[in-house]
Amino acid sequence: MEMMPVKMSARSHLGESKHIEEEPVKSFGEYLVDALKKTNELQLESDKMNAALAAGRIEDVSQVVVAAQKAEISMQLALQLRNRATSAYQEIMRMQV
């Protein structure tokens, strides 16, 4: 996952300041959507590598293992984020106003 962008500015030796072009800031939802898309891409890549291995088109089995591990770690992270978000939501709902 990517980190939140930092606002950058520079000051010249003459004292004037220039703001560096900044990208629009992503919302939390956009970060989640991007992370889920990346997780899906890793899963699909792992499936493709497994199919290629089964068809005998891959010589180095370590490539398949690495792709499978990347997909597994990404999926575990997504599941843990879901679990933490669900837990936080339940905790908020239990709070008395």
Interatomic distance, Lys37 atom NZ to Leu32 atom CG [nearest 0.5 angstrom]:
12.5 Å
Do Glu72 and Gln76 have a side chain donor and acceptor closer than 3.5 Å?
yes
Identified side chain to side chain contact (heavy atoms under 4.5 Å, CB included) partner of Met75 from the options Ile73, Leu79, Leu77:
Leu79
Side chain to side chain contact (heavy atoms under 4.5 Å, CB included) test vs Val66 passes for just one of Gln63, Gln69, Lys70, namely Lys70
Would a distance-only check, ignoring hydrogens and angles, find a side-chain to backbone donor-acceptor pair under 3.5 Å from Gln90 to Ser87?
no
Atom CZ of residue position Arg84 - does it have more than 12 heavy atoms of other residues, nucleotides or ligands inside 6.0 Å?
no
So, using salt bridge (charged side-chain N to carboxylate O under 4.0 Å, His left out) as the criterion, who are the partners of Glu45 when residues are at least two apart?
Lys48
Whether Thr86 side chain and Arg82 backbone form a donor-acceptor pair below 3.5 Å:
yes
Among Leu42, Asn40, Leu36, find the residue that satisfies the side chain to side chain contact (heavy atoms under 4.5 Å, CB included) test when tested with Ser74.
Leu42
Closest non-hydrogen atoms of Met49 and Ala67, given as atom of the first, atom of the second and distance, are CG-CB, 4.1 Å
Take Lys26 and Asp34 through the side-chain contact (heavy atoms from CB on, under 4.5 Å) test and state the conclusion after the steps.
CA-CA 10 Å; Lys26 288 184 182 180; Asp34 290 346; 2.6 Å; yes
